[in-house]
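What follows is a set of notes on a single structure, which appears directly below.
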Number of protein chains: 2
Amino acid sequence: MDEATVLIVDDEGAIRDMLRMALEIADFRCIEAENIHDAFTLVVDERPDLVLLDWMLPGGSGLEMLRRIKRNEATRDLPVIMLTAKTAEDNVIQGLDVGADDYITKPFAPRELIARVRALLRRSGIGQPNERMQVSELVLDGESKRVLIGDNSVEMGPTEFRLLQFFMSHPERAYTRSQLLDQVWGANVYVEERTVDVHIRRLRKSLQSPHGDYSNLIQTVRGTGYRFSARGLG
Amino acid sequence: MDEATVLIVDDEGAIRDMLRMALEIADFRCIEAENIHDAFTLVVDERPDLVLLDWMLPGGSGLEMLRRIKRNEATRDLPVIMLTAKTAEDNVIQGLDVGADDYITKPFAPRELIARVRALLRRSGIGQPNERMQVSELVLDGESKRVLIGDNSVEMGPTEFRLLQFFMSHPERAYTRSQLLDQVWGANVYVEERTVDVHIRRLRKSLQSPHGDYSNLIQTVRGTGYRFSARGLG
DNA sequence: TGAAATTGTGACAATAAAGTTACAACCCCC
DNA sequence: GGGGGTTGTAACTTTATTGTCACAATTTCA
């Protein structure tokens, strides 16, 4: 299902093993490198979908590797998650500055790692291309970033758009506010969970137009969160 | 509380960690013990759905533990997977003889472990995490957090949902109110036992719809508690 | 049969969760 | 630097859920 390839860059064999194990259970393919040189070769040769990059590496720091990836036109869009040892705030800021897409501090729960990898891949559009999705007369076009009801354009903010896009590509499934924040906002942002409620409200409002009311496609699941379901029609 | 619980019995912390990691990524709940005594206490108190049992243990071998489980009426049906160090044919035969339901030899691929755990749980009639479960026309979908009778959605509160989910994953077995509180409400919650009765009532009420009456799938076991049984049909 | 134990049931207040609104901060573009 | 749109949050309102009780109904067993 997933089958995305993840490049693990870490000099400690034990950590690589652990990462590999966690990722393989979650159905990712893994390739490994223990230094920057090998890592860069693999990035070019194997075209991984995501890189897990340790901060501390022999022969050049992880930061250096990150710079190389983000400086190179061909690899700029490759998502990178930094692994930082302690809660080294400075590192994190520096990393995000250079363009890391997410970071995770060791030690971390494997499930959190998996969640972030999945979220980042999704956010990067891997496996979920900008397709056109449709439920009845409601159309979301990922290319033009527009939503239509019938032939009439529907106005909404970027966040509402991403929220709707996520929902439409994952229908019939209940998500917690926390999951939605991870998937739609991104794993490393801190916003209140109740903020989701407000955006849900805005989205629902947008889905009510003179040409059709699709607001109840988005259903609240009390005690859990929200769900997008085509059953909401009729 | 929708996941199945797995008890890990192994004296090596590193192995326990690895097992826990693998299982948690696959959405199982884990509890651990490093010796037979603790293990047996946990079997009684926490009622795991499956046991991963190392062959070599201090204070009595894994085989001894296995015997105790299979000799005891109350735990006889608890599925057990033995972990054997080498490819010791004798051990395996001996283990299966005493009643182990499956075995796996170290070292093993995490995915194989998960596969066997899933297979065994399925064979034992225990529901998988977020699985879709069905009895006749009654459908509970853990992903969408919805209950359907036929094609019609059934309304119920979150607690009733979890209760039904637990029952459907553990059918044909009577639970005391106390056990239900542990499993459905959570281990460290204090509520009156009679509260269970009220929620049972609410659940039964929800299972009566114009499109089908499934209320007597939930049976009262006088002097004990309640049981979910597909025999309640017809 | 009748008392005791156990379970069913409806009502209720307290609480928790979600809906809604307003607002200040922000961002970008002109 | 100003204006329009967007965003996150707090505060307030509304609604649903929860636990408990009191009492009714049922079962058990002497």
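In what follows, chains are A, B, ... by sequence order, proteins preceding strands, each numbered from 1.
From A:His199, atom NE2 reaches atom OG of A:Ser206 across 11.5 Å, with rounding to the nearest 0.5 Å. Taking CG from B:Leu19 and CE from B:Met21, the interatomic distance works out to 10.5 Å, rounded to the nearest 0.5 Å.
Closest to the side chain of B:Arg202, out of D:dT7, C:dG19, C:dA11, is C:dA11. Looking at the side chain of A:Val198, the nearest of the listed nucleotides D:dT18, D:dT9, C:dT7 is D:dT9. Side-chain atoms of A:Arg194 lie closest to C:dG19 of the nucleotides D:dT17, C:dG19, D:dT6. Distances from the side chain of B:Trp185 to the nucleotides C:dG8, C:dA18, D:dG19 place D:dG19 closest. Out of C:dA18, C:dT6, D:dT6, the shortest distance to the side chain of A:Arg222 is found at C:dA18. In the set D:dG8, C:dA17, D:dG19, the nucleotide with an atom closest to the side chain of B:Val191 is D:dG19.
Remark: P of C:dT7 and CG of B:Leu180 are 12 Å apart, rounded to the nearest angstrom. One can place CG of A:Leu163 at 15 Å from C1' of D:dT6, the figure rounded to the nearest angstrom. Nucleotide C:dT7 holds its C1' atom 13 Å from the CD atom of B:Glu193, rounded to whole Å. A straight line from CD of A:Glu192 to P of C:dC23 spans 20 Å, rounded to a whole angstrom. C:dA18 atom C1' lies 11 Å from atom CD1 of A:Ile200, rounded to whole Å. The distance between atom NZ of A:Lys205 and atom P of C:dG19, rounded to the nearest whole Å, is 14 Å. Residue B:Asp197 contributes atom CG, which lies 16 Å from atom P of D:dT18 at whole-angstrom precision. In this structure, B:Glu155 atom CD and D:dT18 atom P are separated by 13 Å, rounded to whole Å.
Under 3.5 Å, the side chain of A:Arg201 and the base of C:dT20 form no donor-acceptor pair of N or O atoms.
The pair B:Arg227-B:Glu172 does not count as a salt bridge, with every side-chain nitrogen at least 4.0 angstrom from each carboxylate oxygen.
Residue A:Thr220 is in sugar-phosphate contact alone, with no base atom involved, counting any heavy-atom pair closer than 4.0 Å across all strands shown. In this structure, B:Val196 reaches neither bases nor backbone, as no heavy-atom distance under 4.0 Å exists between it and the strands shown.
Within the structure, every side-chain polar atom (N or O) of A:Arg177 is placed at least 4.0 Å from both OP1 and OP2 of C:dA17. Contact check, B:Tyr226 against C:dG8: a side-chain N or O comes under 4.0 Å of OP1 or OP2.
Below 30°, between 30° and 60°, or above 60°: for B:Tyr175 and B:His170 the angle between ring planes is above 60°, a perpendicular geometry.
Without hydrogens or angle criteria, B:Ser136 side chain to B:Leu138 main chain gives no donor-acceptor distance under 3.5 Å.
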